[in-house]
Amino acid sequence: MTTAEQARKALISIKDSGSGRSAIELGWLDQIRVNSAKAIVRLNLPGFAQSQRDRLVQEIRTSLLSVEDISEVQIEIGNPPSQAPIGQAGHGQAAHGQVPQLQPIPGVKKVIAVSSGKGGVGKSTVSVNLACALAQQNLKVGLLDADIYGPNIPIMLGVADCTPEVRGSGAEQQIIPIESCGLGMVSMGLLIEENQPVIWRGPMLNGIIRQFLYQACWGELDFLIVDLPPGTGDAQLSLAQAVPIEGVVIVTTPQKVSLQDARRGLQMFRQLDVPVIGVVENMSFFVPPDQPDKSYPLFGVGGGEQLAGENSVPLLAKVPMEITVQEGGNDGKPIVHDFPDSLTAGIFKDIANKIVKNVA
Ligand SMILES: Nc1ncnc2c1ncn2[C@@H]1O[C@H](COP(=O)(O)OP(=O)(O)OP(=O)(O)O)[C@@H](O)[C@H]1O
Ligand SMILES: [Mg+2]
């Protein structure tokens with residue numbers, strides 16, 4: 001056996017922590033060669049696996065130095081797998097003066113984004129329950145968690161411990177969505193190593209969102225719901241400049257600070273020529289479980305109506321604050337799926353009906 005073959009053999013046990021597959025088999029390690037006593041290898045990590053880089057580099061070094069006749073290791077960082085191909089033109093140009101080229105996802109009929117300028121207003125809660133409500137209408141639904149820094153959807157669907165299967169290698173790599181509550185879901189939370197802080201740079205984030213759009217096996221879908229992170233940043237832009245979006249749902253709470261941020265979020269999509277389907281006012285009021293005739297507007301009144309009115313879009317619903325909604329988020333039991341007959345589940349179903357009608 002040549003030293004290069006020995007080097008390859010030493011590297012074969014290095015694995016992707018997500019899928020458990022060999023990094024060589026996945027095409028992440030290639031161009032393995034040995035010059036005198038120096039081993040050289042190229043590491044090509046797709047965006048979603050960047051969090052594993054330090055560990056992989058360390059394991060590559062240790063494995064290669066354990067081979068007799070190798071005393072030096074050089075690791076070259078290769079190009080990540082190529083991004084999805086670019087197709088026909090789409091969403092407008094206002095934001096940056098250039099016409100972005102949009103690429104539909106084969107088999108996916110309608111992409112609906114859920115967004116808001118502000119954090120913690122209930123975007124993920126609305127995304128999950130809206131997706132469940134659509135799935136209950138026998139529609140084929142996917143859910144893409146585009147919150148790459150703070151992915152919460154796996155917990156909300158009760159699949160935080162699941163690891164998606166990754167098929168193929170290199171640029172052909174495909175992620176198989178995790179099934180839960182009748183939908184397929186992809187999230188960074190399923191791929192990063194637990195408790196590892198991850199810093200994504202803008203271009204990396206764009207690459208990951210594109211991979212989730214185009215390199216997940218979504219199959220035939222009536223709706224792909226995309227849960228966005230708070231703000232008006234890279235994730236919103238990456239999505240709007242990648243795929244044709246049927247419309248965006250803006251989530252807000254009734255108070256002024258939330259409204260201001262939601263307004264900015266709404267305007268961003270307008271500038272990108274993405275239709276705004278409507279506003280969901282979340283945490284509109286609280287009905288104590290033991291006093292069902294009482295209702296307390298904890299965060300003020302009228303914010304959703306105001307935002308919808310000033311932008312001439314419908315107010316799709318006012319969703320109450322309900323303990324079951326909060327507990328369901330924590331325990332992986334979306335209220336629409338686990339308590340379909342509850343008042344709040346009915347409100348989410350109503351939102352789903354309006355969206356189906358709106359984008360029909
Ligand atoms: N209608 C509701 N009733 C009770 N709790 C709710 C309701 N909506 C959201 N919550 C709770 O509020 C918290 C924030 O909700 P969620 O994570 O959906 O917000 P978000 O806008 O996605 O946040 P982020 O900006 O961090 O992504 C969660 O604990 C969730 O369970
Ligand atoms: Mg969220």
Side-chain angles (χ1 to χ4, degrees), residues 112-116 118-137 141 143-147 150-160 180-183 185 187 189 223 225-230 249-255 257-259 261-262 277-305 307-308 315-355:
I112 307 281
V114 178
S115 195
S116 172
K118 188 164 164 60
V121 294
K123 295 173 292 297
S124 302
T125 303
V126 170
S127 300
V128 162
N129 283 291
L130 169 61
C132 288
L134 291 167
Q136 284 176 359
Q137 296 190 19
V141 185
L143 179 55
L144 191 165
D145 183 356
D147 195 341
N152 295 142
I153 300 286
I155 289 181
M156 291 185 166
L157 284 178
V159 290
S180 177
C181 303
L183 14 127
M185 183 272 294
S187 166
F223 285 99
I225 307 298
V226 182
D227 176 35
L228 282 157
V249 173
I250 303 290
V251 183
T252 186
T253 49
Q255 74 264 51
V257 256
S258 170
L259 208 59
D261 292 342
I277 299 175
V279 171
V280 170
E281 187 187 86
N282 188 30
M283 308 190 199
S284 295
F285 52 93
F286 174 68
V287 181
D290 51 346
Q291 294 170 291
D293 51 328
K294 292 238 164 76
S295 165
Y296 297 95
L298 296 184
F299 298 124
V301 177
E305 267 125 353
L307 182 68
L315 176 66
L316 297 170
K318 290 183 179 193
V319 183
M321 278 193 94
E322 206 189 305
I323 291 166
T324 324
V325 175
Q326 192 273 327
E327 286 176 347
N330 259 349
D331 302 343
K333 294 180 175 162
I335 192 163
V336 167
H337 184 263
D338 284 71
F339 303 95
D341 299 326
S342 62
L343 172 79
T344 307
I347 293 172
F348 282 120
K349 288 182 201 186
D350 214 39
I351 300 173
N353 290 337
K354 286 180 180 163
I355 288 176

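Everything numeric here is computed off the predicted structure, so don't read it as measured data.
Lys349 places a side-chain N or O within donor-acceptor distance of the main-chain N or O of Pro340, the cut-off being under 3.5 Å. A distance-only check finds no donor-acceptor pair linking the side chain of Asp227 to the backbone of Val128 [under 3.5 Å]. Without hydrogens or angle criteria, Thr252 side chain to Ala262 main chain gives no donor-acceptor distance under 3.5 Å. Gln136 places a side-chain N or O within 3.5 Å of a backbone atom of Val336 that can act as its donor or acceptor partner.
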N/O donor to acceptor pairs below 3.5 angstrom from side-chain atoms of residues 316-323, sequence neighbours left out:
from	atom 1	to	atom 2	distance (Å)
Lys318	NZ	Glu305	OE2	3.2
Glu322	OE1	Thr344	OG1	2.2
Glu322	OE2	Thr324	OG1	3.0

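Atom NZ of Lys333 is surrounded by 12 or fewer heavy atoms from other residues, nucleotides or ligands within 6.0 Å. Annotation for Ile155: atom CD1 does not count as buried by contact number, only 12 or fewer foreign heavy atoms lying within 6.0 Å.
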Walk me through whether Leu298 and Met283 qualify under side-chain contact (heavy atoms from CB on, under 4.5 Å).
CA-CA 8 Å; Leu298 296 184; Met283 308 190 199; over 6 Å; no
CA sep, side-chain torsions, deciding dist, call: Asn282, Val121, side-chain contact (heavy atoms from CB on, under 4.5 Å)
CA-CA 7 Å; Asn282 188 30; Val121 294; 5.8 Å; no
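Phe348 approaches Ala133 most closely through the heavy-atom pair O-CB, 4.0 Å. Between Ser127 and Val114, the shortest heavy-atom distance links the atoms OG-CB, 3.4 Å. The heavy-atom pair separating Pro288 from Lys294 by the smallest distance is CD-O, 3.6 Å.
Qualifying salt bridge (charged side-chain N to carboxylate O under 4.0 Å, His left out) partners for Asp261, counting only residues two or more places apart in sequence or in other chains: Arg264. Under the side chain to side chain contact (heavy atoms under 4.5 Å, CB included) criterion, Gln255 pairs with Thr253, Val257, Ser258, Phe299, not counting sequence neighbours.
When side chains are defined from C-beta on, Val280 does not count as touching Leu130, because their heavy atoms never get closer than 4.5 Å. At least one side-chain heavy atom of Leu259 sits less than 4.5 Å from a side-chain heavy atom of Leu307.
Considering CG of Asp145 and CE of Met185, their distance stands at 7.0 Å, rounded to 0.5 Å.
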